[in-house]
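Keep in mind that what you see is a predicted model, and the values were worked out from it rather than measured. First the proteins, then the strands, lettered A, B, ... as listed; each starts at 1.
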Amino acid sequence: MEATVSIENLRVEYSSRDLGESTKVAVNGLTLRVGQGEVFGFLGPNGAGKTSTMNVLLGFVPPTSGTARIFGVDVREPIARQRIGYLPEQTYYYKFLTAEELLRFYAGIFGIPRPETEARIDAVLKLVELDHARKRQIKTYSKGMQQRVGLAQALINNPDLLILDEPTSGLDPIGRMKVREIIQRLKGEGKTVFFSSHELGEVETVCDRVAILHQGELKTEGRVSDLLKEHSANLEQIFLKLIGYPPLP
Amino acid sequence: MNTVWSLAKVVVLEMIRRKDFYVLFILTVLLTLTAASVNLFNDRSIVRYLKEICLLLIWLSALVIAITCTARQIPAEREHRTLFPLLAKPVTRGQFVLGKFLGCWLAVGLALAGFYLFFGLVSATREQHWPMLNYLQAAWLHWLMLGIVIAFTLLGSILFATPSSNGTICFACAAGILLLGRHLNKVALSLAEPLQSLLYTAYFILPHLEIFDVRELIIHDAGLIRWDMFALATLYAAAYTAFFLFAAWLAFRRRPLN
């Protein structure tokens, strides 16, 4: 299977003078591969190194050592981001723009031609069910609608890889279900989805494979069905066991 | 260029949809019209006094718009986290800085066009003539000066923690240079070393924003600025703007995003 995302021996360090330490290791020796068309769940408790890994993949943070590639291109090259869509956790998009204008803006960044832009805007707004509110300024949107406009911007370039950081965070059950449906629909279209979530039930439902990270290190990686069989437990129990919870007395 | 242009358009749209410009424009109009109401006996010197007030208000308003609009750009992108989906697209940090600059400069250009149009109307109704070339030279130099201010405010928005502190510092610097810039060398002469050398260095390093202040040209209907000098002033502004943008890019490319 062709690797859409490949991470080799990744190490990310931050200098953290505020904490009284010289450096803090956020990710330590992470090696990971995500194949084309997979829905990959990236799990771990807060501070496990998930966001740091995503930040490296998105070119926000340079790796201290090791390599990260997307479609075989080093993530430090801006062109590596041409075929990806990214939904960050809790972003407040330009509230003075309408959904249509926001999507036109992002399409302009990708250099999508005008007629194609309009067709893409129609398609993604229908997909995220915001067609009715396309001409309203984003400041009038509810939280769920803002999350869906975020998903729409992540899809505007028809990406082959979607990186979603807590896509259902703060959404009500209906909002979560809608996001889950969208992920499954994208999977059906052959897109690769790499997402982090604390909703383990949701991960179990939509993911083909998962990786569990704890204190910057990979604890396990594999197909969800294989992990469930191997541990004879659900994903939440496996997760808690691997991160050492409850702690030993 | 597509990327830079897309970023710039959003900044222009923001200014159009915010109230800052309209408030300052209405304030300028009201103050100018109030001043115009004291024009007795059609005295020519009173018309000049009116033009002077109107231009001063335009200069102040434009400076406020340029600095406040620019100072909030990058901090707002961070605060609302829109920087993340943006830089997760094929956008370099250089394009980001350039797009923000271009947007602010164009937005301020639009505001200036509105202000100068109003000024032209006011003076045309009083003096029954419209020296277009004089206005164009004055407005262009004014816009160039604001380009330098926008570039250093953009640099400040990366270096300083909050938009308000950056705005205050940039406003004080711009106003200080406009008022005192041309006198720094004379003040330096009266000082002892090493202050004298320091002030002289500042005199030669600081952008002399005051050379772009040619309000007299349209207040007193003086002759046009020589075109070679005009081109030189354009190059001078472009060089300083490029320098500050380069510094902003250097500072921003090293800055962690989170």
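Crowding of B:Trp59 atom CH2: a count of heavy atoms from other residues, nucleotides or ligands under 6.0 Å exceeding 12. Remark: B:Phe243 CZ is loosely packed, at most 12 non-hydrogen atoms of other residues, nucleotides or ligands lying under 6.0 Å away.
Between the CD1 atom in B:Ile16 and the CZ atom in A:Phe96 there is a gap of 10.5 Å [rounded to 0.5 Å]. To the nearest 0.5 Å, atom OG1 of residue B:Thr82 and atom CG of residue A:Leu102 are 9.5 Å apart. Atoms CD1 and OG1, from A:Ile79 and B:Thr92 in turn, are 11.5 Å apart once rounded to the nearest 0.5 Å.
A:Phe110 meets the ring-ring contact (aromatic ring centres under 6.0 Å, His included) test with no other residue; sequence neighbours excluded.
Near-neighbour residues of residues 94-109 of chain B relative to chain A, defined by a heavy atom under 4.5 Å from a heavy atom of that chain, are none. Interface with chain B: from residues 136-164 of chain A, residues A:Gln137, A:Gln153 qualify, criterion being any non-hydrogen pair under 4.5 Å. For residues 65-76 of chain B, an interface with chain A (any heavy-atom pair closer than 4.5 Å) does not exist.
When side chains are defined from C-beta on, A:Asp165 does not count as touching B:Phe84, because their heavy atoms never get closer than 4.5 Å.
In terms of heavy atoms, B:Thr3 sits closest to A:Ile109 at OG1-O, 3.6 Å. Between B:Asn2 and A:Gly108, the closest heavy-atom pair is CB-O, 3.8 Å. The shortest heavy-atom contact between A:Pro88 and B:Pro85 is CG-CD, 3.6 Å.
Side-chain N or O atoms of B:Arg81 include one that pairs as donor or acceptor with a backbone N or O of A:Glu89 at under 3.5 Å. Side-chain atoms of A:Arg81 come within 3.5 Å of backbone atoms of B:Leu87 as a donor-acceptor pair (strictly under, hydrogens ignored).
A:Tyr94 pairs with exactly one of B:His80, B:Glu77, B:Arg17, B:Glu14 by the side-chain hydrogen bond (donor to acceptor under 3.5 Å, both in side chains) rule, that one being B:Glu77.
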Please step through side chain to side chain contact (heavy atoms under 4.5 Å, CB included) for the pair A:Phe105 and B:Leu86, ending with a clear verdict.
CA-CA 10 Å; A:Phe105 160 57; B:Leu86 188 57; 3.7 Å; yes
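For chain A, the nearby parts of B:Leu7 are the backbone and the side chain; heavy atoms of each come within less than 4.5 Å. In this structure, no portion of B:Arg18 lies under 4.5 Å from any heavy atom of chain A.
Cation-pi check for B:Lys89 over A:Tyr106 is met; the charged atom lies under 6.0 angstrom from the ring centroid and within 45 degrees of its normal.
Of the charged side-chain nitrogens involved, none lies within less than 4.0 Å of a carboxylate oxygen, so that B:Lys9 and A:Glu101 do not count as a salt-bridged pair.
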